[in-house]
Trainee: 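This is the structure I have questions about; it appears just below.
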Amino acid sequence: MQHKVKVTVIDKKLFSELQTEYCADPNSGMCPCYNAGDEFIFERYGIADDFWHMGLNTLKQTSNVAGEIAGGTGFPHCSEAWDAISRYIYAGLQGGSIMRGWMNNERVMIACCSDGTRPVIFKIERLDYKALYIDGIYQDASRNEIVSALKQINGVEDIVFKEQYTEIYMKENISDDVIREAVKKCGKYRVIKID
């Protein structure tokens with residue numbers, strides 16, 4: 001099984017009274033690096049290793065249309081935020097429990113950066129998937145047939161087709177044999193490998 005980590009900005013706070021009292025610029029305002037709703041996907045499969053680049057190019061969704069923000073093409077994550085969330089991202093990418101016993105789902109953690117005057121609050125989620133290499137997928141019709149068969153398996157959350165393989169996202173581990181059997185029932189496709 002493989003793992004990705006999805007990081008979502010769920011809120012931003014501003015403590016203007018603290019900025020007025022303590023900051024060199026008392027009108028600093030909210031954090032300019034993140035926006036509520038920003039989504040980042042960290043990957044560590046094949047040649048991808050987003051963790052070691054402090055999340056450069058992990059930004060997948062944002063409402064900011066003006067200027068570069070954290071996780072984009074030229075700006076990795078803010079060091080204050082990275083210090084607070086990187087340990088959870090690393091645990092998730094390794095398939096570990098992000099926060100067992102504290103959160104109601106050990107694959108999730110809510111954390112915030114350490115800026116005390118304008119903290120950003122993040123939701124960190126481990127996404128579990130298997131990389132499925134299938135021989136015989138050539139067109140959208142082939143993909144639709146395979147999606148239909150795989151979605152019949154209890155616990156399958158999503159299916160994403162990549163250039164070389166298919167990602168099957170799961171709520172919990174599904175045996176390789178169950179996946180192979182579902183693809184085999186489609187008739188003309190053969191599972192070459194499952195990572």
Side-chain angles (χ1 to χ4, degrees), residues 1-13 31-64 68-115 118-133 150-151 153 155-176 179 193-195:
M1 185 172 349
Q2 305 301 317
H3 313 280
K4 293 183 185 181
V5 173
K6 178 180 178 182
V7 177
T8 307
V9 176
I10 58 175
D11 204 357
K12 291 172 36 164
K13 300 293 183 186
C31 172
C33 299
Y34 299 98
N35 305 285
D38 287 352
E39 288 184 2
F40 309 88
I41 300 290
F42 287 80
E43 200 168 342
R44 201 167 200 199
Y45 182 71
I47 61 169
D49 196 347
D50 298 323
F51 183 82
W52 298 113
H53 303 289
M54 285 181 61
L56 191 63
N57 296 315
T58 57
L59 179 66
K60 301 302 178 200
Q61 175 180 308
T62 185
S63 60
N64 185 355
E68 185 66 55
I69 64 169
T73 57
F75 183 52
H77 286 270
C78 157
S79 60
E80 293 296 315
W82 187 249
D83 185 50
I85 66 175
S86 62
R87 61 182 163 266
Y88 304 119
I89 294 169
Y90 189 76
L93 287 171
Q94 301 305 316
S97 171
I98 295 178
M99 194 47 74
R100 185 183 319 210
W102 176 245
M103 306 303 289
N104 61 14
N105 179 345
E106 72 175 23
R107 299 186 313 166
V108 175
M109 179 59 183
I110 305 299
C112 69
C113 75
S114 56
D115 187 327
R118 56 184 189 183
V120 177
I121 302 168
F122 300 92
K123 178 180 179 185
I124 302 135
E125 303 172 78
R126 188 185 82 212
L127 307 175
D128 300 333
Y129 73 99
K130 288 191 177 183
L132 181 60
Y133 295 80
L150 292 173
K151 289 231 174 173
I153 301 171
V156 170
E157 291 185 311
D158 197 13
I159 298 154
V160 176
F161 290 93
K162 299 289 194 170
E163 189 174 322
Q164 301 292 324
Y165 56 91
T166 303
E167 295 174 340
I168 304 171
Y169 290 87
M170 307 168 291
K171 293 178 189 174
E172 68 270 337
N173 193 13
I174 298 168
S175 84
D176 291 357
I179 294 169
K193 176 173 88 164
I194 299 176
D195 278 343

Trainee: Can you tell me how far NE2 of H3 sits from OH of Y129, rounded to the nearest 0.5 angstrom?
Mentor: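 Between Y129 OH and H3 NE2, I get 9.0 Å after rounding to 0.5 Å.
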Trainee: As an exercise, state the distance from CD1 of I179 to CG of L132, rounded to the nearest 0.5 Å.
Mentor: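 One gets 6.5 Å once the value is rounded to the nearest 0.5 Å.
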Trainee: What are the two closest non-hydrogen atoms of C33 and I69, and how far apart are they?
Mentor: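 Closest heavy-atom pair between C33 and I69: O-CB, 3.4 Å.
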Trainee: Can you check whether Y90 reaches V5 side chain to side chain, under 4.5 Å on heavy atoms?
Mentor: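 No, too far: nothing below the 4.5 Å cut-off.
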Trainee: Heavy atoms, side chains only, cut-off 4.5 Å: are I110 and I121 in contact?
Mentor: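 SC-SC contact between I110 and I121 confirmed.
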Trainee: Is there side-chain contact between N57 and T73, with heavy atoms separated by less than 4.5 Å?
Mentor: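 Of all side-chain heavy-atom pairs linking T73 with N57, at least one is under 4.5 Å.
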Trainee: Quick one: closest heavy-atom pair of C112 and A84, and the distance?
Mentor: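 That would be O-CB, 3.2 Å.
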Trainee: For the pair D50 (side chain) and E43 (backbone), establish whether a donor and an acceptor sit closer than 3.5 Å, ignoring hydrogens and angles.
Mentor: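 Checking the backbone N and O of E43 against the side chain of D50, a donor-acceptor pair under 3.5 Å is found.
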Trainee: If every non-hydrogen atom of S86 is compared with every non-hydrogen atom of F51, which pair is closest and at what distance?
Mentor: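 Taking S86 first and F51 second, the nearest heavy atoms are O-CE1, 3.3 Å.
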Trainee: Taking the side chain from K162 and the backbone from A131, do they hold a donor-acceptor pair closer than 3.5 Å?
Mentor: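 A pair under 3.5 Å: no.
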Trainee: Just so I know, are the side chains of I98 and M103 near enough to count as touching, which here means a heavy-atom distance under 4.5 Å?
Mentor: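 Sidechains of M103 and I98: no contact.
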Trainee: How many angstroms lie between CD1 in I168 and CZ in F161, if you round to the nearest 0.5 Å?
Mentor: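 Going from the CD1 atom of I168 to the CZ atom of F161 covers 8.5 Å.
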Trainee: Can you tell me how far the CD1 atom of I85 sits from the OG atom of S114, to the nearest 0.5 Å?
Mentor: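 Result: 11.0 Å between the selected atoms.
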Trainee: Please determine whether the number of non-hydrogen atoms from other residues, nucleotides or ligands lying under 6.0 Å from atom CD of Q164 exceeds 12.
Mentor: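 Incorrect, the count does not exceed 12.
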Trainee: Show your reasoning for whether salt bridge (Lys or Arg N to Asp or Glu O under 4.0 Å) applies to D176 and K130.
Mentor: CA-CA 9 Å; D176 291 357; K130 288 191 177 183; 2.6 Å; yes
Trainee: Test side-chain contact (heavy atoms from CB on, under 4.5 Å) on V9 and N35; report intermediate values, then the result.
Mentor: CA-CA 7 Å; V9 176; N35 305 285; over 6 Å; no
Trainee: Are F122 and H77 close enough that their ring centres sit under 6.0 Å apart?
Mentor: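 That pair fails the under 6.0 Å test.
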Trainee: Are there over 12 heavy-atom neighbours, none belonging to K60, within less than 6.0 Å of that residue's NZ?
Mentor: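 Enclosed.
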Trainee: Distance check, rounded to the nearest 0.5 Å: T58 atom OG1 versus K6 atom NZ?
Mentor: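 Between T58 OG1 and K6 NZ, I get 13.0 Å after rounding to 0.5 Å.
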Trainee: Verify the ring-centre separation between F42 and W52: is it less than 6.0 angstrom?
Mentor: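 They do not qualify: ring centres at least 6.0 Å apart.
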Trainee: Tell me the closest heavy-atom pair linking P119 and C113, and the distance in Å.
Mentor: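 Result for this residue pair: CA-SG, 3.6 Å.
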Trainee: Any donor and acceptor pair, going by atom type alone, linking the side chain of K12 with main-chain N or O of Y34 inside 3.5 Å?
Mentor: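 Judged by distance alone, yes, a pair lies under 3.5 Å.
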Trainee: Ignoring hydrogens and geometry beyond distance, is a side-chain donor-acceptor pair present between D195 and Y45 at under 3.5 Å?
Mentor: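 Short answer, yes.
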Trainee: Sub-3.5 Å donor-acceptor pair from the side chain of D115 to the main-chain atoms of R118, do we have one?
Mentor: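 Present.
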Trainee: Below 4.5 Å, heavy atoms only, C-beta onward: do E125 and N105 meet side chain to side chain?
Mentor: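 No, every pair of side-chain atoms sits at 4.5 Å or beyond.
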Trainee: Using 0.5 Å steps for rounding, measure from the NZ atom of K123 to the CD atom of E39.
Mentor: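 Reported to 0.5 Å precision, the distance equals 9.5 Å.
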Trainee: Does any N or O in the side chain of R126 come within less than 3.5 Å of the main-chain N or O of G96, such that one atom is a donor and the other an acceptor?
Mentor: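 Indeed, once roles are kept as given, a pair shorter than 3.5 Å links the two residues.
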Trainee: Between the side chains of K4 and Y169, does any donor sit under 3.5 Å from an acceptor?
Mentor: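 The criterion, which ignores hydrogens and geometry beyond distance, is satisfied for Y169 and K4.
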Trainee: The test is side-chain contact (heavy atoms from CB on, under 4.5 Å); show your working for L127 and I41 and say whether it passes.
Mentor: CA-CA 9 Å; L127 307 175; I41 300 290; 4.2 Å; yes
